[in-house]
Structure formats: C-alpha cells, structure tokens
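Here the structure is laid out as structure tokens; the discussion comes afterwards.
Below, read A as the first sequence line, B as the second, and so on, with proteins coming before strands; counting in each chain starts at 1. When reading the values below, keep in mind they use all heavy atoms of this one structure, side chains included, and skip hydrogens, waters and symmetry mates.
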Amino acid sequence: MAPSPTGPLHIGTARTSLYNYLFARHVGGTYVLRIEDTDFARSTAEFERDILDNLHWLGITWDEGPQHAGGEDIGPFAPYRQSLRMNRYAREADRLLQSGAAYHCWCTTEELDAVRREQEAAREAPRYNGRCLRLTDAERAQFEAEGRQPVIRLAVPPEMIRFDDLIRGEVEFDNALLGDFVIVRANGVPLYHFVVVVDDEQMEISHVIRGEDHLSNTPKHIALIRALGYREPVFGHIPLILNSDRSKMSKRKSQTAISDYRAQGYLPEAMVNFLAFLGWSPGTEEELFTLDELASRFEVGEVHKAGAVFDRDRLDYLNGVYIRGLTDAELALRLRPFVPETLDDTTLAGLVPLVKERMVRLTDVAELSGFLSEPDDVVASWWSMDDLLPKGRDAAEVSGALAVARDALAERPDWSAEALETAARAAADALEWKAGDLFRPIRLAVTGKAVSPPLFGSMVLLGRDRSLARLDGALERLRAGAAA
RNA sequence: GCCCCCAUCGUCUAGAGGCCUAGGACGCCACCCUUUCAAGGUGGAGAUCACCGGUUCGAAUCCGGUUGGGGGCGCCA
C-alpha cells in the first residue's frame, strides 16, 4: 500500500489499504506500506501522521514500512519513504539515459500546449510528439549552453501492452497512444510513475492492488518495467468508491477523511465491516465480520468490477449494531472521550445501559446525557410551558398532577428506578391519568427534553436532590403560568 | 476528443444456463411491543436483471452491438 501524505487518510485509500491487508493476510504474504512523498510541495509530516495513526485505528497493521510517524522503519528494504530514496531513483534514471531508453527534453510548457491543441483538433490521442528525441547534437548543446534545465522522458516503444488483472482479467492497451511521458522533473525530482516502479522492484513487491483510477496508468508502469529490465508484478485494480451521483468519491461532495468519521463516533470495527463490503461480499447472507474473519474469507478474485456508492445510512446502521454488540464496560471506555470530564466513571457506567441502544454514533451520547452535566437552569431553558402540557390539559391541571407525582416520588425511601416507577404509576392511577401523560411533564422537568433515556433510570443517575429540585422548579413555573 | 473499465430494487449486494414468478441487507411504509425515543418482532411497497440482436430446448447468467455511467490522458499521486 502506498499512500501519499498530501491529505488526511481518505476513505478510498483506507479501503484500498484494507483490501491489501486482507489479501496479504489471507495468503500469508508480507504487507508493505510505503509513503509516496515525492510531491514535496504538498506532502506534510502531519498528513503522514494522520494516515499512519488512522490505519492503526482501523486495525490495519503492516509488516514492512514506517511503524510510526517519525519512527524507525521496519523491514529489509528501508527506508520506506520515497523522499529518502532519491539516490536510488537518480541511479536508475541514469541507467535509462545511458541505454537510450530515456532522453532529455527541453520543450517548454507553451510548446507542449500548442502540440496538444493541434492533436485535439485533429482528434488524435494527446501525447508528446518526441521532438527532443530527434534533436541534433548542436541543438542539444545550444539548450545546455542556455542553461535550460531539461526533464527526462521515457522513450515509450509503440507496442501493445497486455496484462492479466486480478479483478478485471485480461486488459489491453496500445502504448503507441501513450507518448513519451516525463519521469524526472526539470528540478531533478522524479515523478510518481517512475518511482513506484523502481520501489516495487527494489522492495520485491509481488502484487500491486490499487484503485481503478490507476488502471490506465498501468501500461506506463509496464513500459518502465520493461525498459529497466524488472520483474512484472501482478496487478489488481479495485473499483472506486462513489459519491451519490456516481462520480469518484471526493472531498467536495462527501466526507472523505477517516479522522472525521472517527471524531464523529464511528467505531473502527463498523468502518472496516462497511468498507470491506463496498465492493466485495462473501457470497452468503452473513454480513457481520471481524477483521480476522474478513481476512480468512477474503478473495481478491471475488472483488467486484463496478464502483460502489458510499451509503451513509448503511454505515450508521452498522455502527449502531456494533455499539449494541459492545459490553457495557467496553462501551463506557469508548464513550469517555465523547463525554464531559466532569462526568464521573460511576455515573458513566450507569448511563451506558440507558443509552446503548439509542446511539448511532458515539457522539450521540452528548445529546442523550446533557441533562446530567448541565446545571438546572440550563436544563430548564430547554423546555417551554407549551412543551409541558399534554394535549387537552391546562397549566393548573398539570401543576396539580405534577405536585402529586413529585410528593409520591419524594416519599420513597429508596431512590431506585423500580421504586420510582411504582410510585409514579400509583400517582397516575390515583389521578386517573394515563401513565404516559404524567411521565411527560416529569421527563421534561428532569431531563429538559421530550425525548430522553428511560425516565426513572435517568432520575437515579441525576440523584434525588437534583431531580426533586428540577421538579420543584417546573412546579414554580407552572404555578406562575396558571396564575397568569 | 482519444484510450480503458463498468452495467441486478433508491443504495450495498446474492446470483457463475434450468433451483429466479430474481434472494438478503440498508433506507422507506404499516402493525406489534412500549413511560418518550430507540432497540426488537411481524408484514409490505420497491428490479420487465440498461437496451437490441444472437447462441441454446432453456439466459440476469454465454457472445456481439447500442446506450448510459465512470476513470485516465500533468514537470499531481
């Protein structure tokens, strides 16, 4: 897997990493991670850290590569960052120059643009016309004397390129349509197509599994492999993840950074399960798998050819399933970062069973438990008199009923959910109110919301004093409202 | 424009010639359960398998074409 640290770990990169991981683990291979940072202008240490960190978060581990941002590389072919391998690329570029398989090119951007426009007008494939390949020694000397810095281009032989893709089967391209592409910039920094081929050979990469957007780049890589006399790896191009309009998933139209999903409270196991099924299925109706189970079932050959739309609803559903599947203790641990520090562990532990099946994302805990961490006056500001009144009842009625309920609750010697529920139901019976109608104003007063975790459990967590105080506060407002 | 890839419910998919009057899941709707909301249970709507030809006794499945969609064509990766 070879991510480029020019942005945070992207959903598509994460899935490509996952498929590579599953493939390597399934066949007992060696999984290599390489950082492609030849674009010095856009690559940053921060993005590299984000990528490594979030890969780890997903549970994806590699056998060779940088283990941590800034840490030592592990593996026989270190370093695994391209920025640290420049001398190797220079050596191979020289070899290509010596053999005549590559050549210097002094064409300017303007000249190149002109050629391209002509070709497009003539409905031809746009490609470099090979002008600098036919330069005389005098012309070459002239350019050098002018101090112009040339790029290096590969002299691509016009031949049919055929390869057997792991996912797509036999694919054929006509390299005559390719043109002599640039492999080293004028400033001496080598380009992507060139460095991946050099690294893949030197790192003994046997299988290259990457996104379908690289399918049409593969003939370039094969041309380079042949020119350098390298061994050809097996290629596999997995389908793209799509925006809802079926275009390649992009930051513009979708949320693409794994770190964002993580921050929103998605579980890594849900993410992995979801991503794995975006383009692959075990062929059965089972749909919940751990990373290890996926690794034992996954077959690259079964990966689909068509792209898959990223469906947020389905991710949400899966995340809820995984949250419910966690033990209470485990969920409490995962919830910790999403809850105020002032919420103590005992309360958090008590909260978990109340909110567990009401969460889609871990961040939902904030909404569900706000009544615990916010002061009484803030909670009271969440509701209005109108919210408090069940249909067909006025403030005086509700105030009377709430007072009865308040006293019934206050009388209980033990402040447990069972005792409170019994008392509240008895009060409703005595008032000849439907239990639900009486619970509504209590819920509003105590939690500030019409929708909350189970009422009596919430009151236990809040504690007797604060619960009664909120009830009293509501009664006061009710009486004022009734008087007015 | 040139090259390449792809095509089953809105979405993710099962399906590798008869088991398909196309199965599952998400989403949606209804009902049940229920202190709210969820979760759970039951049921329902939803796909002439893009289209047209061909091969075959028989095609979602094989072949060809058409259409549509996507990707690539950079001194980005």
Counting only side-chain heavy atoms from C-beta out, which of [options] sits nearest to [X]?
X	options	answer
A/Arg358	B/rA38, B/rA25, B/rC37	B/rC37
A/Val309	B/rC12, B/rU35, B/rC6	B/rC12
A/Arg116	B/rA7, B/rC73, B/rA14	B/rC73
A/Pro126	B/rG1, B/rG70, B/rU35	B/rG1
A/Ser4	B/rC5, B/rA7, B/rA77	B/rA77
A/Asp311	B/rU35, B/rC26, B/rC75	B/rC26
A/Phe173	B/rC75, B/rA25, B/rC4	B/rC4
A/His193	B/rA77, B/rU13, B/rA38	B/rA77
A/Ala125	B/rC12, B/rC2, B/rC26	B/rC2

Suppose you measure atom [atom1] in [N] against the same atom in [M]; what distance do you get, rounded to whole Å?
N	M	atom1	value
B/rG24	B/rA14	P	15 Å
B/rU66	B/rG23	P	33 Å
B/rG46	B/rG72	C1'	36 Å

Taking OP1 and OP2 of [N], is either one under 4.0 Å from a side-chain nitrogen or oxygen of [X]?
X	N	answer
A/His304	B/rC6	no
A/Ser281	B/rA14	yes
A/Arg185	B/rA77	yes
A/Arg312	B/rC12	no
A/His214	B/rC73	no
A/Arg425	B/rU35	yes
A/Lys305	B/rG70	no
A/Tyr192	B/rA77	no
A/Ser247	B/rG69	no

(request) Pick base, sugar-phosphate or nothing for A/Thr38, based on heavy-atom distances below 4.0 Å to the nucleic acid. (result)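 Sugar-phosphate: the residue A/Thr38, judged by heavy atoms under 4.0 Å, touches backbone atoms but no base.
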(request) Name the nucleic acid region contacted by A/Ser452, choosing base, sugar-phosphate or nothing; use a 4.0 angstrom heavy-atom cut-off, strictly under. (result)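 Result for A/Ser452 = base.
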Please determine if [X] and [Y] form a salt bridge, counting it only when a charged side-chain N lies under 4.0 Å from a carboxylate O.
X	Y	answer
A/Arg140	A/Glu144	no
A/Asp316	A/Arg361	no
A/Lys434	A/Asp437	no
A/Glu357	A/Arg324	no

(message) Which residue is it: A/Asn20, A/Thr218, A/Thr16? I am looking for the one with a side chain to side chain donor-acceptor pair (under 3.5 Å) to A/Arg210.
(response)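 Exactly one option meets the side chain to side chain donor-acceptor pair (under 3.5 Å) with A/Arg210, and it is A/Thr218.
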Whom does [N] pair with, Watson-Crick or G-U wobble, provided both distances fall under 3.5 Å?
N	answer
B/rA39	none
B/rC62	B/rG54
B/rA45	none
B/rC73	B/rG1

(message) Within the structure provided, determine whether A/Gln202 and A/Val198 are in side-chain contact (heavy-atom separation under 4.5 Å).
(response)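 They are in contact (side-chain heavy atoms under 4.5 Å apart), so the answer is yes.
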For a quick check, tell me whether the side chain of [X] and the base of [N] share a donor-acceptor pair closer than 3.5 Å.
X	N	value
A/Arg314	B/rA25	yes
A/Arg443	B/rU35	yes
A/Arg123	B/rC2	no

(request) Just say parallel, tilted or perpendicular for the rings of A/Phe298 and A/Trp280, cut-offs at 30° and 60°. (result)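 The arrangement is tilted - the two ring planes meet at 30° to 60°.
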